[in-house]
Amino acid sequence: MTYQEIFTKVSTIAKQVFNYNGEITEEMTSAEIKSWDSMNQVRFLSELEKEFSIKFKMKDILSFASIGDISRCVEKMKS
Amino acid sequence: MSFNSLVFLIFLPIVLVLYYIIPHKFRWIMLLIASYIFYAYWNFYLIFLIVTTTVVSYFAGIFIEKTKSQKIKNLLLIITLVVCLGFLLFFKYFNFLSFSVTSLIRFFGGGVNDFFLDLILPVGISFYTFQTLSYVIDVYRESIEAEKHFGYYALFVSFFPQLVAGPIERPENLLPQLKADHKLETKNLLEGFKILVGGFVKKIVIADTLAVYANSVYNAGDLSQVTGLSIILGTLLFTMQIYCDFSGYSDIATGCAKMMGIELMVNFKRPFSAQTISEFWSRWHISLSSWFKDYIYYPLNYKAIGKKHLEARMHCNLLLLFFISGLWHGANWTFVVWGLYNGLCQVLGSLFKKIKRKIYDKFNWKEKTNPNKVIGIIRTTAILSLGLVFFRANSLEDAGVFLVKIFSDWSFSVQYLVDTFQIMNMDVLGGIMAVVLCILVFCVDRLIIEPRGTIGLSSKKSVGVNSSYIYLIWLIACAWLLVISQGQSSGFIYFQF
């Protein structure tokens, strides 16, 4: 799976979970998406784990700031 | 020493002069001594608690980083938690726990007497303990490197502006700034001074004045005389009082640090513009809310990912978080109930959010309209203020009486109004002054505190030649405050936490 494919899937899930209609970019953080709160972040990561069949490490989760960070982590885990 | 004492107004200029004349290499020594003097002014012996906490966490940090064994890392983290939290639990909660246990035994028919220890509550212990723990946990998580210089680390734990009532700083923000060589800059001095005086105005002029009315209601000798309206007004004024008292402290701390070229984190971001309870908690005492989120709430939630009933687990975690937050605020069941009330409001808010969205989608209503925002703000303030009845009441019984009266003790007679204002100890002039002071809070925040640029709200206004008149006004206000405040001001509420 290429990084672009991963990013597209992550963006689709982000749109669903955060109920966000605009375009998702790599640099986006919780500051840009209003409904990206602590609870939705957990729901978001939970959906990603299901979609990609992965298990995030606590250390990785705590370092997540942007959609790009999360996509890169998924890419690393899938490779 | 307290910020609102005369001795602090002598202490601060001396520290600032020494700070800028002493070479950068030796500044930490002066700041560390100054911080310990600042703390020792309350109780000299309690310095040993800070020193012990500092020594234990310093060596724990270094060894956690050095060792390769995960078991030893875990052990070192546990030792630090036991020592630091042990002090906190013993000094702050021993008598509360002892009383709760003996009351419970008596409730079930056991014959035990109360057992209390004559303990002094170390000022600010909850604040510096949490700051220390954030350092050790961050080193454990490998998100920061352990600090090797003992002097700078000790200063990080005890930096006097935020030592006793926050903001609870994070190592990655404060440590590098303590080490940096800050040159004397007029801009920093003036901006710091402006914020400092803004904080003093909030504390001495606003909080201490409003406290009189809130205290009259909550400390009334005969609760049966208290009217429903007086409780509502008293509670709203208490809401404003505690905001000014606490954010005022943070402003004074921020101002002091700014005068040394150090930026402390923003602790309050217009909390009363919040439209939901969860938004309020992301704007109020941010340094504590973010601490709870980063070190308790997130780890608990992330652990729940992949397990059954994720939603229910997240809601339980939220309740647990606010239970701890309530206890953090004070060793009394009133604080516990207040914490749980706020947690429950957020859980209900999160459940209603989905239903609300469905209703809005179905009828194609717009959510973000101005009337909706105003309703949201009023609703949030009302719910929060209702919870503050538990926070302010002297006991759970009192809180119960007040809550019943809020909803039942009403009348539309002139005598009722007269009684209400008599209970509040408020005359016509006092009433006008209370309203003016509440408006003044927003003026001070918007014009004086926020334009420091780091709050991300109104960074357009910065210090320029044109605004120099503001300093003149503040200098006069400062002098006036000095004159009127002597012997009148009371302690900061958050010192006891």
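Order of the sequence lines sets the chain letters (A, B, ...), proteins ahead of strands, with each chain counted from 1.
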Is B/Asp138 paired with B/Arg170 through a side-chain N to carboxylate O contact shorter than 4.0 Å?
no
Quick one: what part of B/Ser282 sits under 4.5 Å from any heavy atom of chain A, side chain, backbone, both or neither?
neither
Determine yes or no for a side-chain-to-main-chain donor-acceptor pair under 3.5 angstrom, with B/Thr67 supplying the side chain and B/Phe63 the backbone.
no
Less than 4.0 Å between a side-chain N and a carboxylate O, is that true for B/Glu279 and B/Arg283?
yes
Which bit of A/Lys50 comes within less than 4.5 Å of chain B, counting heavy atoms only: side chain, backbone, both or neither?
neither
If one checks every heavy atom of A/Met58 against chain B at 4.5 Å, the contacting part turns out to be side chain
Can you classify the ring geometry of B/Trp284 versus B/Trp281 as parallel (below 30°), tilted (30 to 60°) or perpendicular (above 60°)?
perpendicular
